[in-house]
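Comments concern the structure below.
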Amino acid sequence: MQTYKMFIDGRWEDAASGETFETKNPFNGKVWAAIPKGGKEDAERAIEAAYRAFTSGSWPTLTASARGHLLRRLGDLIAENAEHLARTEVTDNGKLINEMLFQLKYIPQWYYYFGGLADKIEGAVIPIDKPETFNFTRNEPLGVCVGITPWNSPLLLLAYKLAPALAAGNTFVAKPSEFTSASTLEFAKLVEQAGFPAGVFNVVTGFGADVGGTLTTHKHVAKIAFTGSEATGRKIGELAARNFKKVTLELGGKSPNIVFDDAEIDNAVNGVISGIFAATGQTCIAGSRLLVQRSIHDQFLEKIVNLAKTARMGDPLLTNTQVGPVTTPPQLEKILGYIDIAKNEGAECVLGGGRPSNPELSNGWFVEPTIFSGVRNDMRIAQEEVFGPVLSVIPFDTDEEAVHIANDTNYGLAAGFWTQDMRRILKVSAAIQAGTVWVNTYRVISYMSPLGGYKHSGIGRENGMASIQQYMQTKSVMISTAEDVANPFIMR
């Protein structure tokens, strides 16, 4: 069994308590690693280390170009170790090896992109209206930033936060999910190897109740970046607000995937299946609500059911597996609970609806790809985030009705729609209330394009130029060139 240590102030350490907790493989339910069970003392040590690194030592004296070089070096190391990191994540969270390999081979681009931006952070000279006054601005780092990541894509979602934070000159404390801590600890080895000064990057593992409170309230923490549930995001936002800490929150979603009757049907079928089943539904941007124009509803439903029936469930480390297990036992029970709720609400289960009968999958945390038809948008299955391989199919008649249904939710993280009508593309993409709208595609992300939510789906943006601004603060400097000081009792 693999035994890990935490990474604090450039050193590998056990939890102060000496305790560990087990992490299990979702495919077979077996324990495969022991993780340090950090607590308040460990979180405080990590924050103090990050604060020292921000205020003294070599990090604050590095040029922006030197920071960029370190980030690009880290990107190279991730690329060299992509397969090892991907296999660690699959063992920990049960997602498909094909998907995690793609992610890990793509993640270096975040560190290359933001490494390139590091020495392009510029202020401005303002032609101020005051005579004999020279005014310029500086963009400066915030200080210690905390990144709290979920269990579905730990290293990708860490990159969203860490790359811009370090590029801007901040220091960082990462707190991965207690269900999937191993890959972040493996990643920390690469940060050390890249040559970042001690304390610039730290990892504290453990449970939210033990570690999260300290990370979100400590006086030296300037910003918290969190990806996860709406309920936890609300708690973090409330705690951060007490001390005016900055936050970026990427929360839940109930994303609509809309198919109009002029769509390329086969492309739309593939996009719908990919949007909900390819990641076992365990992604905030999952297209969990399928809106289909009534004129093609029955034909389209038949096609997606027939394709979903062919999905191969099994070992996520095998390249021919198409649907892997759910990551955690509590999530498995939550998904099965929502399936029961949908049935009780009157939705018709036309595919799946439970655990697979294959005895080879009995030890793993599997849920069959599940499709409900006859869903109304006011049902809980259409309004609440399931975070699993469960698709709700809702018919509509007009463009206006499709937009109304799409927007009739507390969430607004993402949306997709399928059509060949350019006028419709422009009008519907403007009308949908979501931070990302895909047209004739789904689940496409880029380090260059901002990602974030409307409404209850979050605050702020990650990725792209928009994200690095959220790890900086602007200072205005005014220099008087006057020879005589004006009347001190009059505002100039």
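Everything numeric here is computed off the predicted structure, so don't read it as measured data.
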Seminar exercise, completed: Of all heavy-atom pairs linking Gly206 and Val211, the shortest is CA-CG2, 4.2 Å
Problem set entry | Spacing of CZ belonging to Phe277 relative to CG belonging to Leu391, to within rounding of 0.5 Å | 5.5 Å
Exercise. Could you give the distance from CG (Leu239) to OG1 (Thr216), rounded to the nearest 0.5 Å?
Worked result: 4.5 Å
Exercise. If you count the non-hydrogen atoms of other residues, nucleotides and ligands that lie under 6.0 Å from NZ in Lys245, is the total more than 12?
Worked result: yes
Problem set entry | By side-chain contact (heavy atoms from CB on, under 4.5 Å) - contacts of Ser153 (at least two apart) | Lys95, Gln103, Leu156, Leu157
Exercise. Which atom pair, heavy atoms only, marks the closest approach of Phe27 to Leu361?
Worked result: CE1-CD2, 4.4 Å
Problem set entry | Exercise: do Trp110 and Asn463 side chains pair donor with acceptor under 3.5 Å | yes
For this session: Supply the atom-to-atom distance Ile381 CD1 to Tyr338 OH, rounded to the nearest 0.5 angstrom.
Result: 7.5 Å
For this session: Please check if the side chain of Thr370 supplies one atom and the backbone of Gly353 the other of a donor-acceptor pair under 3.5 Å.
Result: yes
Exercise. Under 3.5 Å, side chain of Trp418 to main-chain N/O of Asn267, donor-acceptor pair present?
Worked result: no
Problem set entry | Under 3.5 Å side-chain donor-acceptor pair for Thr180 and Asn93 | no
Exercise. Arg67: what forms a salt bridge (charged side-chain N to carboxylate O under 4.0 Å, His left out) with it, not counting sequence neighbours?
Worked result: none
Problem set entry | Pairs touching residues 268-286 that satisfy side-chain hydrogen bond (donor to acceptor under 3.5 Å, both in side chains), sequence neighbours left out | Gln282-Thr327
Exercise. Any chance CZ of Arg294 has more than 12 other-residue heavy atoms, nucleotides or ligands included, within less than 6.0 Å?
Worked result: yes
Exercise. How would you list, by chain and number, every residue that makes a salt bridge (charged side-chain N to carboxylate O under 4.0 Å, His left out) with Lys161, sequence neighbours excluded?
Worked result: Glu462
Problem set entry | side-chain hydrogen bond (donor to acceptor under 3.5 Å, both in side chains) contacts in which one or both residues fall within residues 450-459, not counting sequence neighbours | Glu230-His456, Gln433-Lys455
For this session: State whether the side chain of Asn440 and the backbone N or O of Thr419 hold a donor-acceptor pair below 3.5 Å, judged by distance alone.
Result: yes
Problem set entry | Pairwise side-chain hydrogen bond (donor to acceptor under 3.5 Å, both in side chains) hits with a residue in residues 297-312, at least two apart | none
Exercise. Any Lys/Arg nitrogen of Asp399 or Arg424 sitting under 4.0 Å from an Asp/Glu carboxylate oxygen of the other?
Worked result: yes
Problem set entry | N/O donor-acceptor pair under 3.5 Å between Asn170 side chain and Ala165 backbone | yes
Exercise. Ring centroid separation for Tyr111 and Tyr447, is it under 6.0 angstrom?
Worked result: no
For this session: Please round to the nearest 0.5 Å and tell me the distance separating atom CE of Met313 and atom CD of Gln322.
Result: 11.0 Å
Problem set entry | Check: Thr205 side chain, Pro36 main-chain N or O, donor-acceptor pair, under 3.5 Å | yes
Exercise. Distance-only, no hydrogens or angles: does the Asp408 side chain make a donor-acceptor pair with backbone N or O of His404 under 3.5 Å?
Worked result: no
Exercise. Which value, rounded to the nearest 0.5 Å, describes the distance between Lys175 atom NZ and Asn202 atom CG?
Worked result: 15.0 Å
Exercise. Is the ring centre of Phe201 less than 6.0 Å from the ring centre of Phe187?
Worked result: yes
For this session: Report yes if some heavy atom in the side chain of Leu104 is under 4.5 Å from a heavy atom in the side chain of Leu155; otherwise report no.
Result: yes
For this session: Could you tell me whether the side chain of Arg242 reaches within less than 4.5 Å of the side chain of Thr217, counting heavy atoms only?
Result: no
Exercise. Is a side-chain N or O of Gln473 found less than 3.5 angstrom from the main chain of Pro141, in a donor-acceptor match?
Worked result: yes
Problem set entry | Nearest heavy atoms of Pro164 and Tyr160, plus distance in Å | CG-O, 3.2 Å
Exercise. Taking the side chain as C-beta and beyond, is there a heavy-atom pair between Val203 and Phe172 under 4.5 Å?
Worked result: no
Exercise. Which distance, rounded to the nearest 0.5 Å, do you find between the CD1 of Ile304 and the CD1 of Ile265?
Worked result: 11.0 Å
Problem set entry | CZ/Phe179: more than 12 non-hydrogen atoms of other groups inside 6.0 Å | yes
Exercise. Under 3.5 Å, is there a donor-acceptor pair between the side chain of Asn139 and the main chain of Glu122?
Worked result: yes
Problem set entry | Heavy-atom donor-acceptor pair, Glu250 side chain to Leu451 backbone, under 3.5 Å | no
Exercise. Hey, are the side chains of Thr149 and Thr227 touching, using non-hydrogen atoms and a 4.5 Å cut-off?
Worked result: no
Exercise. Pick one: which of Thr409, Asn377, Asn257 meets side chain to side chain donor-acceptor pair (under 3.5 Å) with Arg289?
Worked result: Asn377
For this session: Ignoring hydrogens and angles, state whether a donor on the side chain of Tyr411 or Glu385 is under 3.5 Å from an acceptor on the partner side chain.
Result: no
For this session: Return yes if some donor-acceptor pair links the side-chain N/O of Glu345 with the main-chain N/O of Arg380 below 3.5 Å, else return no.
Result: yes
